[in-house]
*Asks:* 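Quick one: the structure is below, and I'll ask about it shortly.
Sequence lines set the chain letters: A, B, ... in the order given, protein chains first and strands last, and positions in each chain run from 1.
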Protein chains: 2
Amino acid sequence: MADIEKQVGFVEQVGLYFEGVGLARIAGRVIGWLLICDPPHQTQPDLVEALGASKSSISVALKDLTTLYLVERFTLPGDRRTYYRTSKDMWSRSFRARMHQISELKALGEAGLAALEGESPERLKRLSLMRDMNAFMAEEFPKLLDKWDAIKREKGYDDL
Amino acid sequence: MADIEKQVGFVEQVGLYFEGVGLARIAGRVIGWLLICDPPHQTQPDLVEALGASKSSISVALKDLTTLYLVERFTLPGDRRTYYRTSKDMWSRSFRARMHQISELKALGEAGLAALEGESPERLKRLSLMRDMNAFMAEEFPKLLDKWDAIKREKGYDDL
DNA sequence: TTATTTGTTCGGTCAATACCGAACAAACCG
DNA sequence: CGGTTTGTTCGGTATTGACCGAACAAATAA
């Protein structure tokens, strides 16, 4: 059965999670709601109603989320309204965002090494490690994503 | 040669990076400085001087960083002062933090499924995907870290 | 046309928090 | 013993930004 209490809790938790990774809390709540709502596509007024937020906040949150490709706009023939739903690849997107952070660290390591050009190898060791570790991870991440894509298809998640 | 300009830029960049992942900007600057300074261990007054921050801010930043095991306290025999340096495994630590986020998402997916207990499989699909993808990544991450540890040893980074 | 629905943008308010300076606390040195 | 160095804690300030309401815009329905 539908445990409304738990559903509300879920939405709040997801809100806090995404707030923790840099989004606005409301944007996180939108994601949470879009993950459990029925139907899976919702209009802005739907979201205003469901989340008890102002329509301006919802509007901004959806703009951010669509820009990040975590949520996509969606329409139905014969229906002039605009719906929003989680994007099929939202989790891959989130993952790629992490990957980007790693690449950033790799680049920062390189920048640091450039700044210490000519210094002793001993002095450069901290930065080399920083660069090499993050370079390694930046290389491995895409492989993980590929691997997951295969499993995903195996599991029959193709349509999602 | 030591390009001071670039070094300052590096410290600022690292500061911004770590601010972006949830630390205080000053804490990020401390990390940046500890990655390039000579010697690699520094006292609190050293950091106050180098970063132009107040000693209270430095004190707090170091407390946070040592709690996260990104920086460690360090002493020298016959020297009563306390030094601070980046910890050997600071990058693995950062990585494990990411891993923890992934596990959190997995757990959130499970919580969502519990909240929708009894609903149609169709409705549960978004949450199942969320759970399965993050479960997969949470399993693969430790393997990546192991793989890196081997390479790290190969590369002669053992002592760092 | 006018009224209603939907949506964006802008200004202001409020909350969170990073940072500093000052007060306080130890430990060591003269 | 003072006095100096080192370090933490606390209160206040200032910045940031999330959020809301209101104004505005545009499209549709009556």
Side-chain angles (χ1 to χ4, degrees), chain A residues 11-34 37 39 41-68 70-85, chain B residues 11-34 37 39 41-68 70-85:
Chain A
V11 171
E12 291 306 308
Q13 294 278 337
V14 175
L16 288 173
Y17 176 84
F18 280 97
E19 184 179 19
V21 298
L23 292 182
R25 187 179 298 178
I26 285 191
R29 287 201 190 105
V30 167
I31 291 182
W33 177 247
L34 288 179
C37 60
H41 46 89
Q42 304 269 298
T43 64
Q44 292 206 21
D46 288 342
L47 292 165
V48 168
E49 162 73 14
L51 302 179
S54 74
K55 61 179 185 166
S56 58
S57 301
I58 295 294
S59 174
V60 170
L62 287 172
K63 183 166 181 283
D64 292 347
L65 291 173
T66 51
T67 298
L68 294 170
L70 297 181
V71 166
E72 61 188 11
R73 291 158 58 85
F74 172 67
T75 54
L76 287 171
D79 187 336
R80 65 190 178 82
R81 302 168 52 150
T82 304
Y83 295 90
Y84 295 85
R85 63 180 180 191
Chain B
V11 171
E12 291 307 307
Q13 293 279 336
V14 175
L16 287 174
Y17 176 84
F18 280 97
E19 184 179 18
V21 297
L23 292 182
R25 186 178 299 178
I26 285 191
R29 287 201 190 103
V30 167
I31 291 182
W33 178 248
L34 289 180
C37 62
H41 50 265
Q42 304 269 297
T43 64
Q44 292 207 19
D46 288 341
L47 291 166
V48 167
E49 161 74 14
L51 300 179
S54 75
K55 63 178 185 165
S56 57
S57 302
I58 296 294
S59 175
V60 171
L62 287 172
K63 183 165 181 284
D64 292 346
L65 291 172
T66 50
T67 299
L68 294 170
L70 297 181
V71 165
E72 61 187 11
R73 292 157 57 86
F74 172 68
T75 52
L76 288 171
D79 187 337
R80 64 189 179 85
R81 302 168 51 148
T82 304
Y83 295 90
Y84 295 85
R85 63 180 179 192

*Asks:* How far apart are the closest heavy atoms of B:Gln42 and B:Cys37, and which atoms are they?
*Replies:*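 Residues B:Gln42 and B:Cys37, closest heavy atoms: CG-SG, 3.5 Å.
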*Asks:* Compute the bend angle of the helix from C:dT1-D:dA30 to C:dG30-D:dC1 from the end axes (five pairs per end), rounded to 10°.
*Replies:*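 Between the first-five-pair axis and the last-five-pair axis there is 10°.
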*Asks:* Would you jot down, in residue-number order, the residues of residues 54-61 of chain A having a non-hydrogen atom under 4.0 Å from DNA chain D?
*Replies:*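 Within this stretch, A:Ser54, A:Ser56, A:Ser57 sit under 4.0 Å of the strand.
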*Asks:* Whether A:Arg81 contacts C:dT5 is assessed here as follows: a side-chain N or O lying under 4.0 Å from the phosphate OP1 or OP2. Is that the case?
*Replies:*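 No.
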*Asks:* Give the rounded distance in Å between these two atoms: OH of B:Tyr83 and P of D:dT6.
*Replies:*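 So the two atoms are 9 Å apart, to the nearest Å.
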*Asks:* Do you know the tightest heavy-atom contact between A:Leu65 and A:Ala27?
*Replies:*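 Closest approach of A:Leu65 to A:Ala27, heavy atoms only: CD1-O, 3.5 Å.
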*Asks:* With nearest nucleotides of DNA chain D determined for B:Arg80 and A:Gly52 from heavy-atom distances, which residue corresponds to the more 5′ nucleotide?
*Replies:*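 The 5'-side residue here is B:Arg80.
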*Asks:* By nearest nucleotide on DNA chain D, pick out whichever of B:Pro45 and A:Glu19 is the more 5' one.
*Replies:*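 The 5'-side residue here is B:Pro45.
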*Asks:* Between B:Tyr84 and B:Arg73, do the side chains contain an N or O donor and an N or O acceptor separated by less than 3.5 Å?
*Replies:*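 B:Tyr84 vs B:Arg73: donor-acceptor pair found between side chains.
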*Asks:* Reckon A:Gln44 has a side-chain N or O less than 4.0 Å from the OP1 or OP2 of C:dT8?
*Replies:*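 So the side chain of A:Gln44 is within the cut-off, an N or O lying under 4.0 Å from OP1 or OP2 of C:dT8.
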*Asks:* A:Lys63 side chain: which of C:dT9, D:dC19, C:dA18 is closest?
*Replies:*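 When the side chain of A:Lys63 is considered, C:dT9 is the closest of C:dT9, D:dC19, C:dA18.
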*Asks:* Quick check against the 3.5 Å criterion: does B:Ser59 have a side-chain atom that pairs as donor or acceptor with the backbone of B:Lys55?
*Replies:*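 It does not hold such a pair.
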*Asks:* Calculate the interatomic distance between B:Ile26 atom CD1 and C:dG21 atom P; express it in whole Å.
*Replies:*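 About 11 Å, once rounded to whole Å.
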*Asks:* Please report the interatomic distance OG(A:Ser54) to CD1(A:Ile26), rounded to the nearest 0.5 Å.
*Replies:*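 One gets 6.0 Å once the value is rounded to the nearest 0.5 Å.
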*Asks:* When you measure from the side chain of A:Arg25, which nucleotide among D:dT6, D:dC19, C:dC28 comes out closest?
*Replies:*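 Between D:dT6, D:dC19, C:dC28, the one nearest the side chain of A:Arg25 would be D:dC19.
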*Asks:* Kindly assign one of parallel, tilted or perpendicular to the pair B:Tyr83 and B:His41, based on the angle between their ring planes and the thresholds 30° and 60°.
*Replies:*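 Geometry flag for B:His41 against B:Tyr83: perpendicular rings.
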*Asks:* Considering all heavy atoms of both residues, which atom of B:Arg81 and which atom of B:Asp46 are nearest to each other, and what is their separation?
*Replies:*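 Distance-wise, the nearest heavy atoms are NH2-OD1, 4.2 Å.
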*Asks:* For the side chain of B:Thr67 and the backbone of B:Lys63, is there at least one donor-acceptor N/O pair under 3.5 Å apart?
*Replies:*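 Checked: pair present.
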*Asks:* Atom CG of A:Leu47 to atom C1' of C:dT6: distance rounded to whole Å?
*Replies:*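 Those two atoms, CG and C1', are 13 Å apart.
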*Asks:* Look at the side chain of B:Thr82 and decide which nucleotide, out of D:dG7, D:dC20, C:dG7, has an atom nearest to it.
*Replies:*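 Looking only at heavy atoms from C-beta outward on B:Thr82, the closest nucleotide is D:dG7.
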*Asks:* Choosing from D:dC20, D:dT8, C:dC19, which nucleotide comes nearest the side chain of B:Tyr84?
*Replies:*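 Per side-chain heavy atoms of B:Tyr84, the pick is D:dT8.
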*Asks:* Between A:Gln42 (CD) and C:dT6 (C1'), how many Å, whole number?
*Replies:*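 Between C1' of C:dT6 and CD of A:Gln42: 16 Å.
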*Asks:* Whole Å only: how far is the CG atom of B:Leu23 from the C1' atom of C:dC19?
*Replies:*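 In whole Å, C:dC19 C1' lies 15 Å from B:Leu23 CG.
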*Asks:* From the options A:Leu51, A:Leu16, A:Ile31, A:Leu34, select the one residue that forms a side-chain contact (heavy atoms from CB on, under 4.5 Å) with A:Val11.
*Replies:*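 Answer to the side-chain contact (heavy atoms from CB on, under 4.5 Å) test with A:Val11 among A:Leu51, A:Leu16, A:Ile31, A:Leu34: A:Leu51.
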*Asks:* In whole angstrom, what separates A:Leu62's CG from C:dT9's P?
*Replies:*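 Those two atoms, CG and P, are 13 Å apart.
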